Amino acid sequence: MKKTTGMNRAVTRTWRPATQAVRGGTWRSEHGETSEALFLTSGYTYDDAATVAARFAGEADGMTYSRLQNPTVAMLEERIALMEGADACRAQASGMAAMTAALLCQLSAGDHVVAARAAFGSCRWLVDHLLPRFAIQTTVIDSADDAAWEAAIRPNTKVFFFESPANPTLDVVDIAHVCGIARAHGITSVVDNAFCSPVLQRPMEFGADVVAYSATKLMDGQGRVLAGAVCGSEEWVNDVLLPFQRNTGPNISPFNAWVVLKGLETLSLRAHKQSENALKLGQFMEDRLAGSGTVMLHPGLASHPRHALAMRQMDACGPIFSVVVPGGRVQAHALLDALELIDISNNIGDARSLMCHPASSTHANMGAEARAEMGVAEGMLRINVGLEDPQDLIEDMDRALAAAGL
Ligand SMILES: *Cc1c(COP(=O)(O)O)cnc(C)c1O
């Protein structure tokens, strides 16, 4: 029995989150291995031709081809679904494969999408450039303006798409409010939850229909692989997402799925500890920089315009925050160059502390005008706080701020 317990929803649904994170989805082979097996296979063999026919007809369980099913990928999908509180999940090759699948699987020419203005650069590219090429209309709004969502609805609006907190401005969306408007109008809400992971924020508890992930970030959490995931109801995943995914093939490699499975075992510990460290470093910087003209964008600090809302929606503040230095790009680059411990890197969710200048990296391609409109200032720096001793991070930051003239 223990071989398949991790796949038995009647049992796993009763487990508490910490148990789900290490055992949910575990599906042991006849060898009874403790760690999940890596099935690095593209295809499957059959005992006889009738079995093939039955599986392809959907009349018998069993795998047919790894673009459709893979045991290692299935374990990851089941574990993420349990942690999210979702009926179903399908893993993708990257966060952007997940976002693209979550949108294109349900949209057709003539549909309309309302999206948050502040977003990861490639998410904005989907909204601004890809969808319009297929005659899908898009409207971009200030996601913190609660009235703007309803005002943007047209008779053909099919999807609301947003992140919270957003990359890299840390804009916080009132998830229950926005998803409630979507429900009332028959619109599907798609929430990119990359900044939180399911251990810090579960948008479905606030009424989200679809939750999409870059699992590259906190879920792997150790800077190793690209990965993504899309969660939804059984019906939506089977009827809407799967036909798209199976025929277009944005699938994750079983190897990468296995790496993320290992990451999920420690996700809660890392996400909470990194949030704690991010709060300590953020508080230090806010005190240290008082009166300098620097702006802190940190959902865990009382100075964030939506601090109370963020703390209601999130279990902790998360590892990522931004700071806008008054001296623009020159001062931001000087600060990066003066860091000795914290790496210059545009990844997030990693166990190492990493810092980047979005205007010249993650948000460089969208152009100055779009950056200004979404609030990505020339002096903005985004930091991912890792698992190092926070005192070492504070000392490194203190030294770098002084070197940059702050
Ligand atoms: C990184 C990121 C993505 C893209 O994920 P990849 O795994 O890099 O493809 C999408 N949305 C947000 C909010 C991100 O931070």
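Values in this document were obtained by computation on a predicted structure and should not be read as measured data. Ligands are counted one by one from 1 in listed order, and the atoms in each one are counted from 1 as well.
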Visitor: Can you name the atoms of ligand 1, numbered from 1 with element, that are less than 4.0 Å from a heavy atom of E163?
Guide: 13 (C)
Visitor: By number and element, which atoms of ligand 1 are closer than 4.0 Å to a non-hydrogen atom of S94?
Guide: 7 (O), 9 (O)
Visitor: Does N167 have any side-chain hydrogen bond (donor to acceptor under 3.5 Å, both in side chains) partners at least two apart in sequence or in another chain, and if so, which?
Guide: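 Expected list: R382.
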Visitor: Looking at atom 12 (C) of ligand 1, what's its closest protein heavy atom, distance included?
Guide: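 Protein heavy atom with the smallest distance to atom 12 (C) of ligand 1: D192 OD2, 3.3 Å.
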Visitor: Could you find the nearest protein heavy atom to atom 7 (O) of ligand 1 and give me its residue, atom name and distance?
Guide: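 Minimum-distance protein heavy atom for atom 7 (O) of ligand 1 reads T216 OG1, 2.6 Å.
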Visitor: Given S214, G228, A212, identify the one with the heavy atom nearest to atom 5 (O) of ligand 1.
Guide: S214
Visitor: Between R23 and E36 (salt bridge meaning N to carboxylate O under 4.0 Å), is one present in this structure?
Guide: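 Judged by the 4.0 Å cut-off on N to carboxylate O distance, R23 and E36 do not form a salt bridge.
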Visitor: Between E388 and K273, is there a salt bridge with N-O shorter than 4.0 Å?
Guide: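 Salt bridge absent between K273 and E388.
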Visitor: Is there any N or O on G95 that sits under 3.5 Å from an N or O of ligand 1?
Guide: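 For ligand 1, there is an N or O atom that lies under 3.5 Å from one belonging to G95.
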Visitor: Does either side chain, that of R67 or that of S42, offer a donor lying less than 3.5 Å from an acceptor on the other one?
Guide: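 Looking only at side-chain atoms, S42 and R67 do not form any donor-acceptor pair under 3.5 Å.
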Visitor: Just which atoms of ligand 1 are under 4.0 Å from any heavy atom in N167?
Guide: 14 (C), 15 (O)
Visitor: Below 4.0 angstrom, N of the basic side chain to O of the carboxylate: do R306 and D174 qualify?
Guide: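 Judged by the 4.0 Å cut-off on N to carboxylate O distance, R306 and D174 do not form a salt bridge.
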Visitor: Should the pair R352-D343 be classified as a salt bridge under the 4.0 Å nitrogen-to-oxygen rule?
Guide: no
Visitor: Under the rule for side-chain hydrogen bond (donor to acceptor under 3.5 Å, both in side chains), what residues qualify as partners of D337, not counting sequence neighbours?
Guide: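 Partners of D337 under the side-chain hydrogen bond (donor to acceptor under 3.5 Å, both in side chains) test: none.
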Visitor: What residue and heavy atom of the protein are closest to atom 1 (C) of ligand 1, and at what distance?
Guide: K217 NZ, 1.3 Å
Visitor: In ligand 1, which numbered atoms sit nearer than 4.0 Å to a non-hydrogen atom of I348?
Guide: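 Counting from 1, the qualifying ligand atoms are 15 (O).
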Visitor: Of the protein's non-hydrogen atoms, which lies at the shortest distance from atom 4 (C) of ligand 1, and what is that distance?
Guide: F120 CE2, 3.4 Å
Visitor: With heavy atoms only and a cut-off of under 4.0 Å, state how M96 meets ligand 1: side chain, backbone, both or neither.
Guide: both
Visitor: Of the side chain and backbone of C123, name the one, both, or neither that has a heavy atom under 4.0 Å from an atom of ligand 1.
Guide: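 C123 to ligand 1: side-chain contact only, backbone stays beyond 4.0 Å.
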Visitor: Check R183 with D209, please: is the shortest side-chain N to carboxylate O separation under 4.0 Å?
Guide: yes
